[in-house]
Asker: 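Can you keep this structure in mind? I'll have questions shortly.
Indexing begins at 1, ligand by ligand and atom by atom, following the structure's order. Starting from 1, each residue takes its place in the sequence as its number.
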Amino acid sequence: ADIISTQDPTVVEKEGYLLKAKIADGGKKLRKNWSTSWIVLTARKMEFYKESKQPALANLKPGYKPECVDLCGARIEWTSEKSSRKNVFQITTVSGNEFLLQSDIDFLILDWFHAIKNAIDRLPKE
Ligand code: I3P
């Protein structure tokens with residue numbers, strides 16, 4: 001029988017605060033606006049919240065939806081051209097959304113880069 005990967009899509013692989021700037025929406029450039037975001041990574045997606053308390057609140061309030069990034073087919077790459085800050089990488093989704101993520105703390109941003117890259121590499125490309 002085929003072995004089917006049954007990675008639970010609800011299991012949180014990593015969560016924490018990073019600086020985030022969304023720079024394109026559906027291919028349309030946005031004005032860069034850095035803000036601190038609580039990021040929750042699961043097998044297929046990332047969710048961006050304002051604070052660490054919000055994922056629990058979102059479960060109670062069905063109407064509340066965080067910004068969500070579909071990692072299927074997404075690309076991740078370090079960039080030194082898109083910001084004057086150090087330690088910046090970009091995630092580009094199939095739908096043309098672009099996000100920059102940054103931390104001044106080297107090991108922290110490296111851990112995030114590898115966790116997201118691993119998630120993307122495990123997923124089908126579309
Ligand atoms: C932007 C803001 C950003 C900066 C961006 C500026 O100005 O200072 O922090 O990005 O640089 O345009 P504003 O607040 O007036 O929109 P970095 O911090 O990532 O360098 P950019 O235009 O070179 O992207």
Side-chain angles (χ1 to χ4, degrees):
D2 291 333
I3 297 166
I4 295 165
S5 164
T6 53
Q7 189 161 31
D8 185 339
T10 66
V11 169
V12 173
E13 300 194 355
K14 190 169 178 63
E15 58 189 333
Y17 285 109
L18 288 180
L19 265 184
K20 179 204 78 168
K22 186 174 185 181
I23 57 166
D25 185 276
K28 188 172 171 285
K29 291 282 175 230
L30 298 175
R31 179 169 171 187
K32 192 196 282 168
N33 183 17
W34 288 104
S35 63
T36 301
S37 189
W38 179 258
I39 303 176
V40 178
L41 173 67
T42 54
R44 293 172 203 174
K45 63 185 181 175
M46 298 170 74
E47 290 174 335
F48 295 134
Y49 297 89
K50 286 205 177 72
E51 295 175 57
S52 60
K53 298 191 289 269
Q54 282 192 323
L57 292 174
N59 285 332
L60 302 173
K61 274 196 245 166
Y64 178 82
K65 282 268 184 291
E67 174 143 50
C68 187
V69 177
D70 178 6
L71 292 176
C72 276
R75 287 183 290 124
I76 183 169
E77 62 208 341
W78 293 103
T79 175
S80 51
E81 294 108 57
K82 300 212 174 165
S83 173
S84 60
R85 296 167 187 269
K86 70 167 189 171
N87 295 347
V88 177
F89 64 78
Q90 175 171 338
I91 298 170
T92 306
T93 67
V94 166
S95 60
N97 294 342
E98 297 174 12
F99 300 89
L100 301 180
L101 295 174
Q102 191 270 347
S103 169
D104 285 339
I105 303 166
D106 297 358
F107 76 86
L108 205 148
I109 197 73
L110 271 173
D111 278 1
W112 271 103
F113 182 89
H114 290 121
I116 297 166
K117 188 170 189 322
N118 285 341
I120 290 171
D121 289 347
R122 285 194 303 257
L123 287 166
K125 294 297 160 236
E126 54 207 88

Asker: Would you call Arg85 and Asp104 a salt bridge, using N to O less than 4.0 angstrom?
Answerer: no
Asker: Using the rule side chain to side chain contact (heavy atoms under 4.5 Å, CB included), only one of Ile76, Thr79, Leu100 pairs with Phe89; which is it?
Answerer: Ile76
Asker: Does any part of the side chain of Arg75, heavy atoms only, come nearer than 4.5 Å to the side chain of Gln90, both counted from C-beta?
Answerer: no
Asker: Between Ile91 and Ile23, is there a shared hydrophobic cluster once you connect ILVMFWY residues whose side-chain heavy atoms come closer than 4.5 Å?
Answerer: no
Asker: Taking the side chain from Asp25 and the backbone from Asn97, do they hold a donor-acceptor pair closer than 3.5 Å?
Answerer: no
Asker: Does Tyr49 offer a backbone N or O that forms a donor-acceptor pair with the side chain of Ser37 under 3.5 Å?
Answerer: yes
Asker: Write 'none' if nothing qualifies; otherwise put on separate lines each N/O atom of ligand 1 with a protein N/O atom under 3.5 Å away and their distance to 0.1 Å.
Answerer:
from, atom 1, to, atom 2, distance (Å)
ligand 1, 10 (O), Lys32, NZ, 3.0
ligand 1, 15 (O), Arg31, NH2, 3.1
ligand 1, 16 (O), Arg31, NE, 2.9
ligand 1, 16 (O), Arg31, NH2, 3.2
ligand 1, 18 (O), Trp34, NE1, 3.3
ligand 1, 18 (O), Arg85, NE, 3.2
ligand 1, 19 (O), Lys32, NZ, 2.9
ligand 1, 19 (O), Trp34, NE1, 2.8
ligand 1, 19 (O), Ser83, OG, 2.5
ligand 1, 20 (O), Ser84, N, 3.0
ligand 1, 20 (O), Ser84, OG, 2.6
ligand 1, 24 (O), Lys32, NZ, 2.5

